[in-house]
Amino acid sequence: MIIVDNALQAREAESRPIRVALIGAGFISQGLANHIVHTTPGMRLVGVYNRRVQRAFDLCQYAAVGDVVAPTTQQEVDLAIREGKVVATDDAYLLARSTNVDVLVDVTGSVEFGAHVAFEAFRYKKDVVLLNAEIDATIGPILQIYAREQGVILSACDGDEPGLQINLYRWVKGLGLTPRVIGNIKGLQDPYRNPTTQKGFAEKWGQNPAMVTSFADGSKISFEQAIVANATGFVVRSRGMSRGREYKDDVMKIGKIYDFEQTRKLGGIVDYVVGTPLTKI
């Protein structure tokens, strides 16, 4: 990370920041925009897409971004970014095609729409970062082929579970050890949760009820572990992994629930269990 920090600081000193456009203006995008604007030298937020453009304006207000405009043509978008303004738009392709955008960050959770935008970004030599586990788990390996053909980068993100798990996987391998289980621990799983039951929680935190449902019913963690499996070549012991198996003992002893002869034969597995916030460490 020191190498990355130094590279960003060098770009800041050279007045050559990485120009970032966010595709989606939801809860996660708000935090990311705030981080880019206020705590990350060497990056500049230049555009925000949302189907309802007012949400893009709301995100910019949340991140205390001034001078936000809503151009409608490619020429106007490119000019606005050159002039140091932030573009709010309901047309993601204007950002994907702009010569003044370096990286698109997909924070939509949409597979089909995200794929179309990613292909357009690749065509215009843009790197793409996915905070979209749904598309990554579904067609991420296919998108990776097209990105390489165009000489651009397709990447997932650090900070969310798949990225953190891959960092741990790399660290363990760096110690000279062989990982056999890459797992996660959820605090709750209820397969009967739905957008109606999650509406109150979603409203409290300014999130989408359908998205919050995927956190609770096991959908999201399944997507995330599929991403980890794609990245490492690990498999599952059975369809659905452990399907919400509870584990409330010491996390340092969690290996006892696995048959390591089996995991060796499989080459390594991804899995998850359901614990509690009080799982011992």
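For this chain, numbers begin at 1 and follow the sequence in order.
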Working for side chain to side chain contact (heavy atoms under 4.5 Å, CB included), residues Asn208 and Phe27: CA-CA 8 Å; Asn208 183 312; Phe27 182 79; over 6 Å; no

Step-by-step side chain to side chain contact (heavy atoms under 4.5 Å, CB included) determination, Leu143 to Val128: CA-CA 10 Å; Leu143 289 177; Val128 175; over 6 Å; no

Test log, rule side chain to side chain contact (heavy atoms under 4.5 Å, CB included), inputs Leu154 and Phe122: CA-CA 9 Å; Leu154 173 70; Phe122 298 160; 4.2 Å; yes

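- In this model, no donor atom of one side chain and acceptor atom of the other lie less than 3.5 Å apart for Thr263 and Arg237.
- Atom CG of Leu130 sits about 7.5 Å away from atom OG of Ser155, to the nearest 0.5 Å.
- Note on Arg11 versus Glu14: no salt bridge recorded, every NZ/NE/NH1/NH2 to OD/OE distance being 4.0 Å or above.
- Here the side chain of Asp67 pairs no donor or acceptor atom with the backbone of Lys85 at under 3.5 angstrom.
- Although no hydrogens or angles enter the test, the distance criterion places a donor-acceptor pair under 3.5 Å between the side chain of Asn50 and the main chain of Ala25.
- Side chains of Gln54 and Asp58: a donor-acceptor N/O pair is present below 3.5 angstrom, by distance only.
- Note: Leu164 CG to Asp158 CG = 5.5 Å, rounded to the nearest 0.5 Å.
- The main-chain N or O of Leu95 is never found under 3.5 Å from a side-chain atom of Ser98 such that the two would form a donor-acceptor pair.
- Between Leu22 and Leu32 there is a side-chain heavy-atom pair separated by less than 4.5 Å.
- Atoms OG1 and NZ, from Thr99 and Lys126 in turn, are 7.0 Å apart once rounded to the nearest 0.5 Å.
- Nearest heavy atoms, Pro71 versus Ala88: CD-O, 4.4 Å.
- Taken from CG in Leu79 to OG1 in Thr73, the straight-line distance is 9.0 Å, to the nearest 0.5 Å.
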Side chain to side chain contact (heavy atoms under 4.5 Å, CB included) between Val274 and Leu188, worked out: CA-CA 6 Å; Val274 178; Leu188 171 144; 5.6 Å; no

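- Between Val46 and Asn100 there is no side-chain heavy-atom pair separated by less than 4.5 Å.
- Cluster membership for Phe57 and Val87, using ILVMFWY side-chain heavy atoms within less than 4.5 angstrom, is not shared.
- Judged by distance alone, with hydrogens and angles left aside, the side-chain atoms of Thr197 form no donor-acceptor pair with the main-chain N or O of Arg193 at under 3.5 Å.
- The nearest pair of heavy atoms linking Ala92 to Val117 is CB-CG2, 4.0 Å.
- Side-chain atoms of Tyr258 do not come within 3.5 Å of backbone N or O of Glu261 as any donor-acceptor pair.
- Using bins of under 30°, 30° to 60° and over 60° for the plane-to-plane angle, the ring pair Trp205/Phe201 lands in the tilted bin.
- Gln207 places no side-chain N or O within donor-acceptor distance of the main-chain N or O of Ala202, the cut-off being under 3.5 Å.
- Put simply, the side chain of Lys265 does not reach to within 4.5 Å of the side chain of Gln262, judged on heavy atoms.
- The number of heavy atoms from other shown groups lying within 6.0 Å of NZ (Lys125) is above 12.
- Side-chain contact between Glu224 and Asp160 is present, with at least one heavy-atom pair separated by less than 4.5 Å.
- The ring of Phe113 has its center closer than 6.0 angstrom to the ring center of Tyr49.
- With hydrogens and angles left out, the side-chain atoms of Thr108 and Asp106 include a donor and acceptor closer than 3.5 Å.
- Asp102 places a side-chain N or O within 3.5 Å of a backbone atom of Arg19 that can act as its donor or acceptor partner.
- Within the model, atoms NE2 of His35 and OG1 of Thr40 stand 3.5 Å from one another, a figure rounded to the nearest 0.5 Å.
- The closest side-chain heavy-atom distance from Lys256 to Asp249 is below 4.5 Å.
- Side-chain N/O atoms of Gln189 and Tyr272 include a donor and acceptor closer than 3.5 Å.
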